Number of protein chains: 2
Amino acid sequence: MIDTTDLTRNQDLVFKALVDAAVPLSAYTILDRLRDSGLRAPLQVYRALNTLCEKGLVHRLESLNAFVACARPDCHRHETVAFAICDQCNQVSEFSDTEVEARLDAWVRGREFRAERTTIEIRGTCKGCAG
Amino acid sequence: MIDTTDLTRNQDLVFKALVDAAVPLSAYTILDRLRDSGLRAPLQVYRALNTLCEKGLVHRLESLNAFVACARPDCHRHETVAFAICDQCNQVSEFSDTEVEARLDAWVRGREFRAERTTIEIRGTCKGCAG
DNA sequence: TTTGGAAATGTTATAGCATTACATGACTTG
DNA sequence: CAAGTCATGTAATGCTATAACATTTCCAAA
């Protein structure tokens, strides 16, 4: 279980904003929602987001330039996580697949490539929105 | 084989710039390199890039906000492609893995999620740069 | 041949995302 | 209490992408 008690004030505000939203938010949207709480500049948000990403509490979605609270705060061990992102309702399903990880790992090891970060994002339409 | 003969002037300029570079370029970097050829505004580049991506001649790298010429111009099927990106030398290796595709497809089908675009990007250090 | 529509282009302005640079404050540890 | 580290505050800037609108090009149908 990740420890969320040692977050600083700004980190806590940003994290709670993302948890409340339940969908990905851009840094500037987060800023807008936290102006009443005292945040005034983008950098305050970006700094908090960086720390939260490092802790595994938040994920960055590259294809959206947005951030989402980790769905599994009890399980930040999986380095590689995949996301299914609904372009209609913005909801994100987070999952991991050891076989996918293994195949990608096999490929990079075969080329002696040292992987640091892996992004897997599937954009589309969720069951509910496809009707 | 993809037909590159029906490209418009701007599309051709942008495509050749990417082929020449051999590494990913941002839209603004492309613009800078093509000012002498007559391009003056970002939108000229973005429009060309959009068309080239649709044709499968160019890939967008989400984690870099950059674009790279497709490594396999003989294969314009819009299949899922993965990229290994070296953060040192910027070189990109493009590959596809049917097993990875199958696993991701199985996951989304299980949730009745309709996938439109899949991004797989591995950031790290290549063999040569790891020394 | 003309005409009308689709696609491409050109241009300006603006919106949205992210970082640099520098100053200040808070807390810890020797 | 001094030094160091980490978080914060603020302003300015730079990078990425699109909106809106005018114009041009080209080709096919009348």
Side-chain angles (χ1 to χ4, degrees), chain A residues 3-18 21 23-55 57-68 85 87 90 92 117 119 121 123, chain B residues 3-18 21 23-55 57-68 85 87 90 92 117 119 121 123:
Chain A
D3 186 8
T4 62
T5 62
D6 61 348
L7 297 180
T8 64
R9 171 188 148 83
N10 287 359
Q11 289 160 15
D12 193 56
L13 285 170
V14 169
F15 182 58
K16 282 182 166 52
L18 284 174
V23 292
L25 300 180
S26 75
Y28 277 73
T29 299
I30 293 170
L31 175 57
D32 286 341
R33 296 190 182 189
L34 292 177
R35 284 195 194 276
D36 291 343
S37 303
L39 293 201
R40 316 190 58 163
L43 198 45
Q44 295 175 297
V45 175
Y46 280 108
R47 285 201 274 234
L49 285 170
N50 284 342
T51 304
L52 292 167
C53 285
E54 283 168 6
K55 288 178 184 287
L57 287 168
V58 164
H59 298 293
R60 177 185 171 84
L61 299 177
E62 301 285 358
S63 68
L64 291 177
N65 291 327
F67 302 83
V68 68
I85 304 165
D87 290 328
N90 297 318
V92 173
R117 262 165 305 140
T119 298
E121 296 175 17
R123 302 281 295 271
Chain B
D3 186 8
T4 62
T5 62
D6 62 347
L7 297 181
T8 65
R9 171 189 148 83
N10 287 0
Q11 289 161 14
D12 193 57
L13 284 170
V14 169
F15 182 58
K16 281 183 166 51
L18 284 174
V23 292
L25 300 180
S26 75
Y28 278 74
T29 300
I30 294 169
L31 176 58
D32 286 341
R33 296 189 181 189
L34 293 176
R35 284 195 193 278
D36 292 343
S37 303
L39 293 202
R40 316 190 59 161
L43 202 43
Q44 294 175 296
V45 175
Y46 280 107
R47 285 200 274 233
L49 285 170
N50 283 343
T51 303
L52 292 168
C53 285
E54 283 168 7
K55 288 179 184 287
L57 288 167
V58 164
H59 298 293
R60 176 184 172 85
L61 298 176
E62 301 284 359
S63 68
L64 291 177
N65 290 327
F67 302 84
V68 68
I85 304 166
D87 290 328
N90 297 318
V92 172
R117 264 164 304 139
T119 298
E121 296 176 17
R123 302 283 294 272

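In this text, all values refer to a predicted model and were calculated from it rather than measured experimentally. Every chain is numbered from 1 and lettered A, B, ... according to where its sequence line falls, protein lines coming before strand lines.
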Can you tell me how far [atom2] of [N] sits from [atom1] of [X], to the nearest Å?
X	N	atom1	atom2	result
A:Asn50	D:dT8	CG	C1'	15 Å
A:Leu31	C:dA18	CG	P	13 Å
B:Asn10	D:dT24	CG	C1'	13 Å
B:Leu7	C:dA7	CG	C1'	14 Å
A:Asp6	D:dA7	CG	C1'	13 Å
A:Leu64	C:dG16	CG	P	15 Å
B:Leu34	C:dT9	CG	P	13 Å
B:Glu62	D:dT16	CD	P	14 Å

For this session: May I have the step-by-step check of side-chain contact (heavy atoms from CB on, under 4.5 Å) for B:Val92 and B:His59, ending in yes or no?
Result: CA-CA 11 Å; B:Val92 172; B:His59 298 293; over 6 Å; no
Exercise. Do A:Lys55 and A:Leu7 come within less than 4.5 Å of each other through their side chains, counting heavy atoms only?
Worked result: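 Counting from C-beta outward, A:Lys55 and A:Leu7 do come under 4.5 Å.
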Exercise. Quick one: are B:Asn65 and B:Arg60 in side-chain contact, heavy atoms under 4.5 Å?
Worked result: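 They are in side-chain contact.
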Exercise. Under 3.5 Å, side chain of B:Glu121 to main-chain N/O of B:Ile85, donor-acceptor pair present?
Worked result: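 Answer holds: no.
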For this session: Take A:Ala66 and B:Thr8, find for each the nucleotide of DNA chain C with the closest heavy atom, and name the residue whose nucleotide sits nearer the 5' end.
Result: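 Result: B:Thr8.
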For this session: List for me each residue that meets salt bridge (Lys or Arg N to Asp or Glu O under 4.0 Å) alongside A:Arg123, sequence neighbours excluded, and say none if there are none.
Result: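 Per chain and number, A:Arg123 pairs via salt bridge (Lys or Arg N to Asp or Glu O under 4.0 Å) with A:Asp87.
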Exercise. What about B:Tyr28, does its side chain sit under 3.5 Å from the base of D:dA17 through a donor-acceptor pair?
Worked result: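 Between D:dA17 and B:Tyr28, which were checked side chain against base, a qualifying N/O pair under 3.5 Å is present.
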Problem set entry | Residue closer to the 5' end of DNA chain D, B:Asn65 versus A:Thr51 (nearest nucleotide) |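 In this pair, the answer is A:Thr51.
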For this session: May I ask you to list the residues of residues 37-47 of chain B, by number, that have any heavy atom positioned under 4.0 Å from an atom of DNA chain D?
Result: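 Output list: B:Leu43, B:Tyr46.
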For this session: Nearest 0.5 Å please: distance from the CG atom of B:Leu18 over to the CD1 atom of B:Ile30.
Result: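 With rounding to 0.5 Å, CG (B:Leu18) is 4.0 Å from CD1 (B:Ile30).
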For this session: Return no unless some side-chain N or O of B:Arg60 is found under 4.0 Å from OP1 or OP2 of D:dA17.
Result: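 Indeed, a polar side-chain atom of B:Arg60 lies that close.
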Listed pairs under 3.5 Å, donor-acceptor, residues 42-51 of chain A side chains, sequence neighbours left out:
| residue | atom | partner | partner atom | Å |
| --- | --- | --- | --- | --- |
| A:Gln44 | OE1 | A:Arg40 | N | 2.7 |
| A:Gln44 | OE1 | A:Ala41 | N | 2.9 |
| A:Asn50 | ND2 | A:Tyr46 | O | 3.4 |
| A:Thr51 | OG1 | A:Arg47 | O | 3.2 |

